[in-house]
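Proteins get letters first, then strands, A, B, ... in listed order; numbering begins at 1 in each. Keep in mind that what you see is a predicted model, and the values were worked out from it rather than measured.
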Amino acid sequence: MCYEASQLAEKIYREAIRIGASDEDIKRLKLKWESLKEVHKNHYHSNAFSHEKFALFTFKEKLDLRLCYWGLIPSWTKSEQQALEISNKTINARGETLFEKPSFRKAATESRCIIPLDGFYEYHHKNGKTYPYFIHAKSKKRLMLGGVMETWLNKSSGELIDTFSIVTTRGNDVLAKIHNNPKLKEARMPLLLEDKDIKYWLNNSIKEVQKLIVPNITSALDYHTVQRLKGSKYLGNIPEVQRAYTYNELLEPPSLFS
DNA sequence: CCAGACGTTGTT
DNA sequence: GTCTGG
DNA sequence: CCAGACGTTGTT
DNA sequence: GTCTGG
């Protein structure tokens, strides 16, 4: 799953290189980014339910970079009220059923996207308490997540709203470590695409795309506990929120024999 | 037929 | 313990 | 998903 | 818009 994420603004357009963008593409996206970055803010920690804007890549005739709200609003949504309700339920989209669900199948078929993230947050449970982890790529690379996007026309305001959802798949062994119970039957995680697969997610046939919905790039992930992400101890949307923080109760109990 | 839903997560 | 709001 | 509420009254 | 439950 993926309910909390980080996306920093710096030179996001450059990730297009990993999608196989041409020099011309990069030039165009850089230009576009110059205007987008005025409204884009650094998300050191963003909770999906606050529905903030994230930068993502799409591909119609050309590779494009756009800002979209997290929480997909299907085009058939009728009112602002309904839009808010449904966007609270479409933070993630199960990869297994992506092409069947009424909320996602149009987006899945016609407008898949790539969300470049600096990391995401997951919770570990122990003795009835939760401990947040920040999960990120080793080597400070961005993670490239598979997603779907859709534009909603708000008829009461005439406004076009771009929205997206993050596709999820079975959790890999890194997730299994964070949920450090070897008997855990199934952890979920966002669809992380390897560089070689990114362009196929954007423009291949449905059949090919479905093959990409599998756990991936385990070895390239790193993670550590961070301070609380909600409540009175929450640091807010600042760099420190993703800094390593040790919880003594999570440390290995001292061995009797060491 | 109409009305109402349309989604995800996981027991540390 | 369980539901709801974000 | 987690954090926080978990209720009633009546109209600034 | 389309499907499901009643």
Side-chain angles (χ1 to χ4, degrees), chain A residues 1-6 43 45-53 69-111 117 119-135 145-155 163-172 174-191 213 215 223 225-237 241 247-253:
Chain A
M1 64 297 199
C2 187
Y3 287 90
E4 292 163 274
S6 169
H43 298 301
H45 168 261
S46 173
N47 187 304
F49 294 101
S50 41
H51 305 295
E52 292 177 271
K53 278 182 169 176
Y69 292 100
W70 191 359
L72 187 144
I73 304 172
S75 52
W76 42 256
T77 303
K78 291 169 186 72
S79 65
E80 287 178 352
Q81 149 103 31
Q82 192 185 16
L84 180 62
E85 281 171 10
I86 200 147
S87 68
N88 280 333
K89 297 174 176 174
T90 53
I91 305 299
N92 291 165
R94 276 185 79 89
E96 293 88 335
T97 53
L98 189 61
F99 293 92
E100 296 149 29
K101 294 288 181 184
S103 293
F104 298 125
R105 62 189 164 200
K106 183 165 184 274
T109 312
E110 298 172 11
S111 49
L117 289 187
F120 62 97
Y121 299 85
E122 292 286 359
Y123 291 86
H124 172 76
H125 293 250
K126 188 169 181 177
N127 299 331
K129 291 185 175 171
T130 63
Y131 300 90
Y133 277 74
F134 181 57
I135 301 168
L145 279 69
V148 293
M149 74 143 305
E150 187 148 344
T151 302
W152 176 60
L153 171 63
N154 181 344
K155 285 191 179 126
T163 64
F164 75 96
S165 181
I166 290 176
V167 174
T168 65
T169 181
R170 269 192 354 268
N172 66 20
V174 169
L175 268 292
K177 277 184 202 165
I178 290 173
H179 301 272
N180 59 346
N181 177 2
K183 283 164 70 183
L184 248 191
K185 48 175 189 236
E186 174 160 275
R188 306 286 299 175
M189 69 171 203
L191 174 57
I213 305 177
Y223 54 91
T225 45
V226 296
Q227 281 193 256
R228 308 228 53 94
L229 299 174
K230 275 191 172 189
S232 55
K233 288 181 190 155
Y234 177 45
L235 296 173
N237 184 34
V241 77
Y247 293 90
N248 289 327
E249 58 269 42
L250 285 184
L251 298 175
E252 290 294 319

Need one value for [X]: base, sugar-phosphate or nothing, where a base atom within 4.0 Å counts as base even if backbone is also close, heavy atoms only.
X        : result
A:Ser165 : nothing
A:Ala48  : nothing
A:Ser50  : nothing
A:Tyr131 : nothing

Whole Å only: how far is the [atom1] atom of [X] from the [atom2] atom of [N]?
X        : N      : atom1 : atom2 : result
A:Glu52  : C:dG6  : CD    : P     : 15 Å
A:Glu150 : B:dC6  : CD    : P     : 17 Å
A:His45  : D:dA3  : NE2   : P     : 10 Å
A:Asn47  : B:dT9  : CG    : C1'   : 14 Å
A:Leu175 : B:dG10 : CG    : C1'   : 13 Å
A:Leu229 : D:dG4  : CG    : P     : 12 Å
A:Phe99  : E:dG1  : CZ    : C1'   : 18 Å
A:Trp70  : B:dG7  : CH2   : C1'   : 14 Å

Between A:Tyr69 and A:Glu52, is there a side-chain heavy-atom distance shorter than 4.5 Å?
no

Under 4.5 Å between any side-chain heavy atoms of A:Tyr247 and A:Pro132, yes or no?
yes

How are the rings of A:His45 and A:Tyr121 set to each other: parallel, tilted or perpendicular (split at 30° and 60°)?
perpendicular

Lys/Arg-Asp/Glu bridge criterion (N-O < 4.0 Å) met for A:Arg188, A:Glu96:
yes

Any side-chain N or O of [X] less than 4.0 Å from the OP1 or OP2 oxygen of [N]?
X        : N     : result
A:Thr90  : B:dG7 : no
A:Thr130 : D:dA3 : yes
A:Arg228 : D:dA3 : yes

Work out which heavy atom in A:Ile86 is nearest to a heavy atom in A:Thr77; give both atom names and the distance.
CG2-OG1, 4.1 Å

For residues A:Pro190 and A:Glu122, report the shortest heavy-atom separation together with the two atoms involved.
CD-OE2, 4.3 Å

Nearest to the side chain of [X] - [options]?
X        : options             : result
A:Arg94  : B:dT9, D:dA3, E:dC3 : B:dT9
A:Arg188 : B:dT9, B:dG7, D:dA3 : B:dT9
A:Thr168 : B:dG7, B:dT9, D:dC2 : B:dT9
A:Tyr123 : D:dC1, B:dT9, B:dG7 : D:dC1
A:Gln82  : C:dG6, B:dC6, B:dT9 : B:dC6

Under 3.5 Å donor-acceptor, A:Ser165 side chain and A:Thr90 backbone:
yes

Just the dot-bracket of DNA chain E, please: which string comes out with Watson-Crick or G-U pairs under 3.5 Å, [ ] for crossing, | for another strand?
||||||

Is it true that atom OH of A:Tyr223 has more than 12 heavy atoms of other residues, nucleotides or ligands lying nearer than 6.0 Å?
yes

Determine whether the aromatic ring of A:Tyr3 stacks with the base of B:dT9, defined as ring centroids separated by less than 5.5 Å and ring planes inclined by less than 30°.
no

Residues in side-chain contact (heavy atoms from CB on, under 4.5 Å) with A:Thr151, at least two apart?
A:Arg66, A:Met149, A:Leu160, A:Asp162

[atom1]-based separation of [M] from [N] [nearest Å]:
N     : M     : atom1 : result
B:dG4 : D:dT9 : C1'   : 33 Å
D:dC6 : B:dC6 : C1'   : 29 Å
D:dA5 : B:dG7 : P     : 30 Å
C:dT4 : D:dT8 : P     : 15 Å

So, under a plain 3.5 Å distance rule, would you say the side chain of A:Lys78 forms a donor-acceptor pair with the base of B:dG4?
no

Taking donor-acceptor contacts at under 3.5 Å, does the side chain of A:Lys101 reach the base of B:dC6?
no

